[in-house]
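In what follows, every chain begins at residue 1, and chains take the letters A, B, ... in the order their sequences are listed. What you see is a predicted model; the values in this text were computed from it and never measured. Every heavy atom of this structure was used, including side-chain atoms; hydrogens, water molecules and symmetry mates were not.
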Number of protein chains: 2
Amino acid sequence: MPKISNRVRILQTSRDLMNQSGAQSISTNHICEALKISPGNLYYHFKNKEEIVYALFLSFKTEFVGAFADEPEKPVSPEDFAGYYIRTLDIAFDYRFLFSGLLALLRRDDQLAAEYRALQTWTLARLSAIAAQVAEDGNLGGPGTPTQYDSIALNTWLIWSNWVRHIEISKGSSDVSRSDMVQGLHQIFDVLSGQLAPQFEAAVRAHLNQAE
Amino acid sequence: MPKISNRVRILQTSRDLMNQSGAQSISTNHICEALKISPGNLYYHFKNKEEIVYALFLSFKTEFVGAFADEPEKPVSPEDFAGYYIRTLDIAFDYRFLFSGLLALLRRDDQLAAEYRALQTWTLARLSAIAAQVAEDGNLGGPGTPTQYDSIALNTWLIWSNWVRHIEISKGSSDVSRSDMVQGLHQIFDVLSGQLAPQFEAAVRAHLNQAE
DNA sequence: GTCTATACGCCGATAGAC
DNA sequence: GTCTATCGGCGTATAGAC
């Protein structure tokens with residue numbers, strides 16, 4: 001029965017501390033102190049601080065991509081549609097340090113920057129494809145051009161990827177609540193309001209409220 | 001004929017450097033070196049680094065609020081409407097370091113945090129009032145409730161306040177072009193697409209393209 | 001107002017014993 | 001794998017001469 005390795009504990013604690021205070025104000029010393037381990041121990045498991053952040057990013061990426069794992073062919077039900085956003089926003093919350101100080105992190109690590117951008121590109125294409133499918137199902141606007149789907153995808157992405165940060169900025173503290181998150185989901189769907197078929201939108205909203 | 005004081009030169013150079021590399025990776029030493037002045041000189045003019053950032057924020061605030069200086073009573077012309085966004089996004093670009101590392105800055109300075117939040121609250125109210133006026137002019141949707149205007153205000157604000165950062169994240173470098181900015185303006189109005197009266201929206205878009 | 005010189009602390013990272 | 005000890009570097013900020 002294997003104990004939890006220090007490598008895993010370092011990752012867990014780093015994520016907690018960085019979510020709380022920002023990635024950039026957490027030093028390797030802080031992490032060691034919180035774990036009651038020595039600096040040498042930490043540097044045995046990770047070459048440097050960037051490697052810790054990068055490992056956490058990979059975990060985020062895996063969870064995030066997994067939240068989209070679905071057959072994109074079929075009609076998109078209101079439950080599917082709401083589910084994408086509910087699940088991914090939960091994940092974004094768990095790794096909110098990534099988004100809060102994103103630009104600073106990307107400036108310090110070229111590899112992370114490249115992978116983040118690839119993930120963003122992938123996500124935008126995925127969101128656009130979902131919008132196109134919803135339109136094909138007859139639940140979104142008139143016969144739209146691909147460009148419109150891209151614009152919808154980008155707008156929802158911008159709100160999605162900045163929502164937790166927006167809450168942290170607006171409230172003084174970093175205690176973000178579940179209802180703050182649900183409010184963000186409604187905010188995302190407000191973008192689509194008037195373009196979604198009314199009964200489809202109502203069903204989506206109902207699912208959001210269940211998530212609360 | 002008074003020379004430009006070192007105080008002013010410190011502010012100018014700080015803004016340039018911080019826009020380029022991020023507020024947080026620019027030290028007082030960097031600023032001194034760029035200006036060929038001594039640390040003692042800098043600290044004669046400013047108590048600490050936060051005071052520099054705070055002074056720059058005040059400049060931003062003045063310019064930003066000035067860009068909204070208008071009688072809110074009258075009907076809002078497409079030119080007015082486009083103008084608010086064109087002018088303010090230009091200003092946001094000039095002070096983009098504020099938005100790029102916002103959360104880190106607010107965490108380090110309570111006074112700045114309080115003032116930023118106040119400005120955000122003011123702006124959201126202003127945007128909501130403008131939306132209400134556009135609706136009253138018959139150029140926005142049906143008879144909407146105030147809540148809808150607030151939601152529109154928040155959505156446009158989220159895109160507005162994160163656009164420059166989004167560009168910096170998406171491109172590798174920090175060379176943001178004028179056309180990147182205009183694209184952001186269109187993106188903002190895509191949120192309102194389908195809710196604005198068609199001829200009003202067309203006139204607004206035309207003004208955006210002139211700005212390019 | 002501006003300079004030189006410097007104190008002090010923290011951070012990232014490594015060497016080498018155990 | 002984990003520890004102790006430590007190095008070099010940098011960042012903020014101040015003291016005191018000019």
Report all side-chain donor-acceptor pairs from residues 93-105 of chain A shorter than 3.5 Å, counting only partners two or more places apart or in another chain.
from	atom 1	to	atom 2	distance (Å)
Y95(A)	OH	R15(A)	NH1	3.3
Y95(A)	OH	E63(A)	OE2	2.9
R96(A)	NH1	F93(A)	O	2.9
S100(A)	OG	R96(A)	O	2.9
S100(A)	OG	E168(A)	OE1	2.7

Terminal contacting nucleotides, 5' and 3', DNA chain C versus chain A (heavy atom, 4.0 Å): dC11(C) to dT14(C)

Strand contacts (DNA chain D) in residues 104-112 of chain A, 4.0 angstrom heavy-atom criterion: none

Which of parallel (below 30°), tilted (30 to 60°) and perpendicular (above 60°) describes Y116(B) and W157(B)? tilted

Could E115(B) and K61(B) be called an ion pair, given the rule that one side-chain N must be under 4.0 Å from one carboxylate O? yes

More than 12 heavy atoms of other residues, nucleotides or ligands under 6.0 Å from CZ of R87(B): yes or no? yes

Any pair with a residue in residues 148-159 of chain B that passes salt bridge (charged side-chain N to carboxylate O under 4.0 Å, His left out), sequence neighbours left out, goes on the list, sorted by first then second residue, please. none

Using 4.0 Å as the upper bound for N to carboxylate O, is an ion pair formed by R178(A) and D90(A)? yes

Would you please test F46(A) and T28(A) for side chain to side chain contact (heavy atoms under 4.5 Å, CB included) and show each step? CA-CA 10 Å; F46(A) 295 94; T28(A) 50; over 6 Å; no

Atom NZ of K171(A): over 12 foreign heavy atoms under 6.0 Å: yes

Atom CD of E33(A): over 12 foreign heavy atoms under 6.0 Å: no

Heavy atoms under 4.0 Å is the rule here; annotate nucleotides 7-14 of chain D 5' to 3' with B where the base is hit, S where only the sugar-phosphate is, and - elsewhere. ----SBBB

Atom CZ of residue position R205(B) - does it have more than 12 heavy atoms of other residues, nucleotides or ligands inside 6.0 Å? yes

D80(B)/K74(B) salt bridge by N-O under 4.0 Å criterion: no

Taking the ring of W160(B) and the ring of Y84(B), is the distance between their centroids below 6.0 Å? no

Go through residues 5-22 of chain B and report each residue with a non-hydrogen atom lying under 4.0 Å from DNA chain D, sorted by number. none

